[in-house]
Number of protein chains: 2
Amino acid sequence: MVVLELSDHDVNRIFRALADATRRDIVRRTLVADVSVSQLAASYEMSFAAVQKHVAVLEDARLVTKEPRGRERMVRGNLDRIRQAQHLLDHFEELWRSRIDRLDILLAEGDPAPSDT
Amino acid sequence: MVVLELSDHDVNRIFRALADATRRDIVRRTLVADVSVSQLAASYEMSFAAVQKHVAVLEDARLVTKEPRGRERMVRGNLDRIRQAQHLLDHFEELWRSRIDRLDILLAEGDPAPSDT
DNA sequence: TTCTAATACAACCATTTGTTTGTACGATAT
DNA sequence: ATATCGTACAAACAAATGGTTGTATTAGAA
């Protein structure tokens, strides 16, 4: 498993890219099969350029890659990046468990109600 | 396990809320222990009102809840919502698997290269 | 009661996003 | 060679976001 460190900025871009229904749909479609930008554009009620920009946002977040094929650009979903996002969320779960652990310890020690200073 | 359906708009708000380092830090801290808004505000190099707005974004996404305690508002991270986000990402993984399955089937059937019409 | 701490909320401003239209350019087909 | 298809990219613009300051309200302290 590759545990490369993601900067705050990277994480920002990943989650921001996922915060749009059209972009999530593009990721879904390009995970299932390679699709050209024009094929994607034909699917949504917006201009070609708008779809192009959504793809660019996803590419910037590395959630998809683009590969030239003839005069088309085939878009391919990048599952590794999705998994990295999942690992980020896993970390939240770990923190939450640490809270439970700490509570358990406090209770076991007789809850001395420490003053905050 | 509660599998309540999330609207596109709900999902947008969840991911958008997570697309900011300060907000992710607030979620982390409030998953580990309850923290008041003023305690949070003291931690960041921005105004109280700015932190208040970040908390409001998280609350709107239901990633945290606020509970009055005396004159303070204690902020508490909502792990369930994090888990819902994870389930959304799980779904992408399933789609990707379906692609592999379909490729396997095509290869097994001799790849007839169907026309798109 | 009076003062203060914690919060809520509105108004405002700069920057970013999401979208459009228009122009340009490389690859393919005629 | 010319036309056309798929794409890239810039300019423009409305709307949303992230931040500020200022004012009001409420709960606890003196």
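These numbers come from the heavy atoms of this one structure, side chains and all, not from hydrogens, waters or symmetry mates. Owing to the predicted nature of the structure, the values given are computational and were not obtained by experimental measurement. Chain letters run A, B, ... following the sequence lines, proteins first and then strands; every chain starts at 1.
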Whole angstrom value for the distance that separates C1' of dG18(D) from OH of Tyr44(B): 16 Å

For Val57(A), the other hydrophobic cluster members (4.5 Å side-chain criterion, sorted by chain and number) are none

When every nucleotide of nucleotides 25-30 of chain C is labelled 5' to 3' by its protein contacts under 4.0 Å (heavy atoms), B for base, S for sugar-phosphate only, - for none, what sequence of letters results? --BB--

Provide, to the nearest angstrom, the distance between the NE2 atom belonging to His9(A) and the C1' atom belonging to dT16(C). 11 Å

Take the protein atom CG of Leu40(B) and the nucleotide atom P of dA8(C), then report the distance between them rounded to whole Å. 12 Å

Taking the side chain as C-beta and beyond, is there a heavy-atom pair between Val75(B) and Gln39(B) under 4.5 Å? no

Side chains of Ile82(B) and Glu93(A), heavy atoms from C-beta outward: is any pair under 4.5 Å? no

Grab the stems for DNA chain D, please: at least three consecutive Watson-Crick or wobble pairs, both distances below 3.5 Å, written as range with range. C:4-30 with D:1-27

Please enumerate all residues that pass side chain to side chain donor-acceptor pair (under 3.5 Å) together with Gln52(B), with sequence neighbours excluded. none

Along nucleotides 18-24 of chain C, 5' to 3', which nucleotides get a B, which get an S, and which get a -, given that the test is a protein heavy-atom distance under 4.0 Å? SBBB---

Set of salt bridge (charged side-chain N to carboxylate O under 4.0 Å, His left out) partners for Arg28(A), sequence neighbours left out: Asp25(A)

Just the rounded figure in Å: distance from P of dC5(D) to CE of Met74(A). 18 Å

With sequence neighbours left out, write down each residue that passes salt bridge (charged side-chain N to carboxylate O under 4.0 Å, His left out) with Arg76(A), or none if nothing qualifies. Asp34(A), Glu67(A)

Stepwise side-chain contact (heavy atoms from CB on, under 4.5 Å) test for Asp20(A) and Phe15(B): CA-CA 8 Å; Asp20(A) 179 279; Phe15(B) 283 126; over 6 Å; no

OP1 or OP2 of dT7(D) less than 4.0 angstrom from a side-chain nitrogen or oxygen of Gln52(A), does that happen here? no

Arg62(B): what forms a salt bridge (charged side-chain N to carboxylate O under 4.0 Å, His left out) with it, not counting sequence neighbours? none

Result for salt bridge (Lys or Arg N to Asp or Glu O under 4.0 Å) between Glu59(A) and one of Lys66(A), Arg81(A), Arg73(A) points to Lys66(A)

In residues 28-37 of chain B, what residues come within less than 4.0 Å of DNA chain C, judged by heavy atoms? Ser36(B), Val37(B)

Please identify each residue that fulfils salt bridge (charged side-chain N to carboxylate O under 4.0 Å, His left out) with Arg13(B), with sequence neighbours left out. Asp10(B), Asp60(B)

Students should find that the hydrophobic cluster of Met74(B), defined by side-chain heavy atoms under 4.5 Å apart, otherwise consists of none

In whole Å, what is the span from the CD atom of Gln39(A) to the P atom of dG6(D)? 9 Å

So do the side chains of Tyr44(B) and His54(B) get within less than 4.5 Å of each other, counting heavy atoms only? no

Between P on dT7(C) and CD on Glu59(B), what's the gap in Å once rounded to a whole number? 12 Å

Is there any salt bridge (Lys or Arg N to Asp or Glu O under 4.0 Å) pair reaching into residues 36-57 of chain A, and which pairs are they, with sequence neighbours excluded? none

So, Gln86(B) and Arg83(B): side-chain donor and acceptor under 3.5 Å apart, yes or no? no

Is the phosphate of dA8(C) approached by Lys66(B) (side-chain N or O, under 4.0 Å from OP1 or OP2)? yes

Interatomic distance where CG belongs to Asn12(B) and P belongs to dA15(D) [whole Å]: 19 Å

